[in-house]
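Read through the structure below, which is laid out as structure tokens, and then see the notes.
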Amino acid sequence: MYHDECILVSPEDEIIGHSNKAISHVFSSETPRGLLHRAFSVFMFDKATGKLLLQQRATDKITFPSVWTNTCCSHPLHGMTPSEVDKQAQVEKGQVPGVVNAAVRKLKHELGIDCEASGIKNEDFKFLTRLHYWAVDTVTHGKKAPWGEHEVDYVLFVTVDSSTLTLAPNPEEVSGVKWVSKSELITGMKTGLWSPWFRLIVNKWLLPTGGWWDDLNVTMTTDKFCDYSNVHKFDPPQEHVGGAGNAQLPYLGSINKIEPVNKDAALKQGAYGKVKIHKESKISQLCRVSEVFSAVTLLYIKPLTSNLSSPAIVTRFDKANLDFCDRILGKVSRSFAAVIRQLPEQLLVETMIFYLVLRALDTVEDDMTAFPSNDVKIGHLLEFHKTALGDPNWSMTGVGEADEALLLEEFPKCHNVFKSLSAQSKRVIVDITQRMAAGMAEFVGKDLGQGTATLKEYDRYCHFVAGLVGEGLSRLFACSGLEKASLSAELHLSDQMGLFLQKTNIIRDYLEDYVDGRAFWPAEVWKKHSKSGDLGYFSHQGSEEEKRRSSECLNELVTNALELAPDCLAYLGLLQCQEIFRFCAIPQVMAIATLDKVFNNLDVFTGVVKIRKGLSCQLLLNTNTKLEVNATFARFAKSIMSQATKSDPSYSRTMKACENILEICEPEGLNLPPSPIISVLNFLAPTVLAVCAYNLFNSARSEKWGDGVMLPRLDHTEDVALLGVAFGCIIYLLAFGALNFVLSNIKAETEEAKISGGKMSRSTSASILTPAVVLSNSFE
């Protein structure tokens, strides 16, 4: 390792020198990602069966020991005979004799494969493309790992007659070998250790439908998949970040879908955990007094209550199966579990099962590796309403991750509860499931690596995965008798409400979706702003031009979502049952707050942006009445207007969308403008209190006031002043906290008096909150 000389290259794969293999792989403060060098990855397939030969790296390897990977992976070296150095001009023509020489050498060294004796000629190797990636070997060496890989990797395919091939693995290099089919690889990669470069190549190019492995004859005999001019760039997942040099993301900008090694069971389906989550500091959150009071209120004073223990529910459903549904709901739904549980007993279980059925369907759609082909997945989707909802014993294993996988494995328990629902409710759930699955199947076969093609396609996808949910809920509301039968006919409004939520999630989840290889930003919009013509352009954030273009693209999509808000408010205005109103209003206010958070916010392109937990609590408490919801929409519409700039191409549309919201909300909204003085006081009060307490504590500890005295003497003017200021801060904080409760009760009673005539009613069976309403406009 200390004598071999790796070929050092620039990010564009131009040769810039050479260095010994050990130094090239050291990740330190001086070289956080080691030295970028050339590598190769050989994929050897059996001509007769199409199976791929895998190797398990030896346990004594310094980097990534014991992991399974492709047939052979190593480095072309400087100073070898025959030469293993290829010039850039050769490479761009698809000519890599040096890399092939290195591959022939290492196949014999690692696996005992003598290419010449086996009849494998150099021209039999097919050069497909190059990829630039890096990964810290934290799995082996821990968070401060001093070793890793940073390579421009050349991918080579070769087909052989395995029956005449002699394998003699070198135990210093290889621990094991095996031939696998495509389906066997998919199953095998669900467990064990796999090299990051192999996972990258497999998920990006081998496994997708129409990929390199689908038709080896096409891959080997045509140039259909050859890309010699580009070096594809990929950052690693979070598990391979850090090391002794603390290498962080993003670095290369274009993020890939390398599946994490030994995925944490607590992670949710999709790309959660693969990108950074942008959070505000704890100090910043604690200094927002109104939000702190809201969190305390929701957690300890007025928590959401569950109606699952209602006698009408307990006697109607099997307890063990219902308990499972309740538990799994809390695991797979990070947002709505508590809100579903507070629904009236006439609607609670119906909504819970509706959610779990659609979540199970979504898990099937989201799994990109469990099925041998898209056709197989499409078959499962199209039959889902018959299998999952028609067969009481139906279940599915090996699909999804963690809690989503458990939901599919234990689905008979959900079916047991489903079959006890009313005939009307079951018809609604089956119908929506069937139509949603058909829509999902339509998009499964599409390449969404660069998002949806048009705004029309963008809307169509959102309709299938969210608009139909709105329709289904409206029909369930009407079936329960808690809402008018006519609500089920409000298809446009319910669809727009679903689109508003889905578009907000898609905008916020730009990087997560791009990492996962299934993005939804419409090319009709983003291509106007991407200078490179690639959706990954926005993840770079290097130059001012990139930042400006990214912001303009983001703001156009936010505006597109904001234009749906009036229809959402119109739908909420039709609801009569207060619990249903809150159930529908909570996600809507969270969405408008999220749009405000992401507007003009470049953090969207480097991680996941989420609203503060305290703000979430505050918003949740402000959804009891139309008055409160309108005030929230007005608040965030004004905030977005204050951030919009005239230089933004979408400025006029943005302002018009916000003005339309204000026209609806301001007649009933709380029109008190946010006070800068109050905001400053809210920040200063807890800060000053902490400083005063610290100084008073130090004075007491130093026995400045005498033994055992906890309060300052009157002759210590400075300390008495500090005590007075501290008491003033405490009174300020308590006064505004108490004022919130007083005003909220007055406001709630006033609003109830307005609606007592019959416009909005409460369910007679459900316990509903009357929480403290925070004066959000005054205290921000």
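Every heavy atom of this structure was used, including side-chain atoms; hydrogens, water molecules and symmetry mates were not. Residue numbers start at 1 and run along the sequence shown. Here the structure is a predicted model, which means the values were calculated and not measured.
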Testing the 3.5 Å rule here: is there a donor-acceptor pair between the side chains of [X] and [Y]?
X: T140; Y: D137; answer: yes
X: E151; Y: H75; answer: yes
X: S543; Y: E545; answer: no
X: N20; Y: D4; answer: no
X: E110; Y: S74; answer: no
X: S373; Y: D375; answer: no

Pair N170, L111 - check side chain to side chain contact (heavy atoms under 4.5 Å, CB included), show working.
CA-CA 6 Å; N170 180 349; L111 296 167; over 6 Å; no
Flag the pair [X] and [Y] as a salt bridge only when some basic side-chain nitrogen lies within less than 4.0 angstrom of an acidic carboxylate oxygen.
X: E184; Y: K190; value: no
X: D46; Y: K51; value: no
X: E457; Y: K446; value: yes
X: E552; Y: R548; value: yes
X: R57; Y: E173; value: no
X: D13; Y: R38; value: yes
X: D223; Y: K126; value: yes
X: R130; Y: D227; value: no
X: K61; Y: E172; value: no

If I take atom [atom1] from residue [X] and atom [atom2] from residue [Y], how far apart are they, to the nearest 0.5 angstrom?
X: N600; Y: L602; atom1: CG; atom2: CG; result: 7.0 Å
X: D362; Y: M440; atom1: CG; atom2: CE; result: 4.5 Å
X: L557; Y: H529; atom1: CG; atom2: NE2; result: 7.5 Å
X: I120; Y: D161; atom1: CD1; atom2: CG; result: 9.5 Å
X: E524; Y: T454; atom1: CD; atom2: OG1; result: 6.0 Å
X: F605; Y: K547; atom1: CZ; atom2: NZ; result: 12.5 Å

Do K531 and E546 pass the salt bridge (charged side-chain N to carboxylate O under 4.0 Å, His left out) test, and can you show the C-alpha distance, the side-chain angles, and the key distance before you say yes or no?
CA-CA 8 Å; K531 194 172 182 180; E546 288 172 335; over 6 Å; no
Aromatic contact between [X] and [Y], with the criterion being ring centroids under 6.0 Å apart: yes or no?
X: H25; Y: F64; answer: no
X: H78; Y: H37; answer: no
X: F520; Y: Y458; answer: no
X: W147; Y: F27; answer: no
X: H380; Y: F371; answer: yes
X: F157; Y: F125; answer: no
X: W213; Y: F45; answer: yes
X: W521; Y: W526; answer: no

Is the ring pair Y510/F538 parallel, tilted or perpendicular, if the boundaries are 30 and 60 degrees?
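Y510 vs F538 ring planes: perpendicular.
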Relative to each other, are the rings of Y133 and W197 parallel, tilted or perpendicular (30° and 60° limits)?
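Y133 and W197: tilted rings.
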With distance as the sole test, does [X] use its side chain to make a donor-acceptor pair with the main-chain N or O of [Y] at under 3.5 Å?
X: D235; Y: Y251; value: yes
X: T71; Y: L53; value: yes
X: D86; Y: V99; value: yes
X: N230; Y: H232; value: no
X: N601; Y: K597; value: yes
X: N101; Y: P97; value: yes
X: D603; Y: V609; value: no

Least distance between heavy atoms, [X] atom then [Y] atom:
X: Q55; Y: V174; value: OE1-CG2, 3.4 Å
X: F198; Y: M189; value: CE2-SD, 4.1 Å
X: L107; Y: C115; value: CD1-SG, 3.9 Å
X: R508; Y: V604; value: O-CG1, 4.3 Å
X: T69; Y: C73; value: CG2-SG, 3.6 Å
X: V160; Y: M44; value: CG2-CG, 3.8 Å

More than 12 heavy atoms of other groups within 6.0 Å of [X] [atom1]:
X: K527; atom1: NZ; result: no
X: K528; atom1: NZ; result: yes
X: E116; atom1: CD; result: no
X: E123; atom1: CD; result: yes

Is it the case that K178 places NZ or CZ above or below the six-membered ring of W68, under 6.0 angstrom from the centre and within 45 degrees of the axis?
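Relative to the ring axis of W68, which defines the angle, K178 lies inside both limits.
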Ring of W194, cation from R199 - is the NZ or CZ under 6.0 Å from the centre and inside 45° of the axis?
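Negative - R199 is either too far from the ring of W194 or too far off its axis.
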Do V155 and L131 make a side-chain contact, defined as non-hydrogen atoms from C-beta onward lying under 4.5 Å apart?
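Yes. Closest side-chain heavy atoms under 4.5 Å.
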Just to verify, what does K144 make a side-chain contact (heavy atoms from CB on, under 4.5 Å) with, not counting sequence neighbours?
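Per chain and number, K144 pairs via side-chain contact (heavy atoms from CB on, under 4.5 Å) with no residue.
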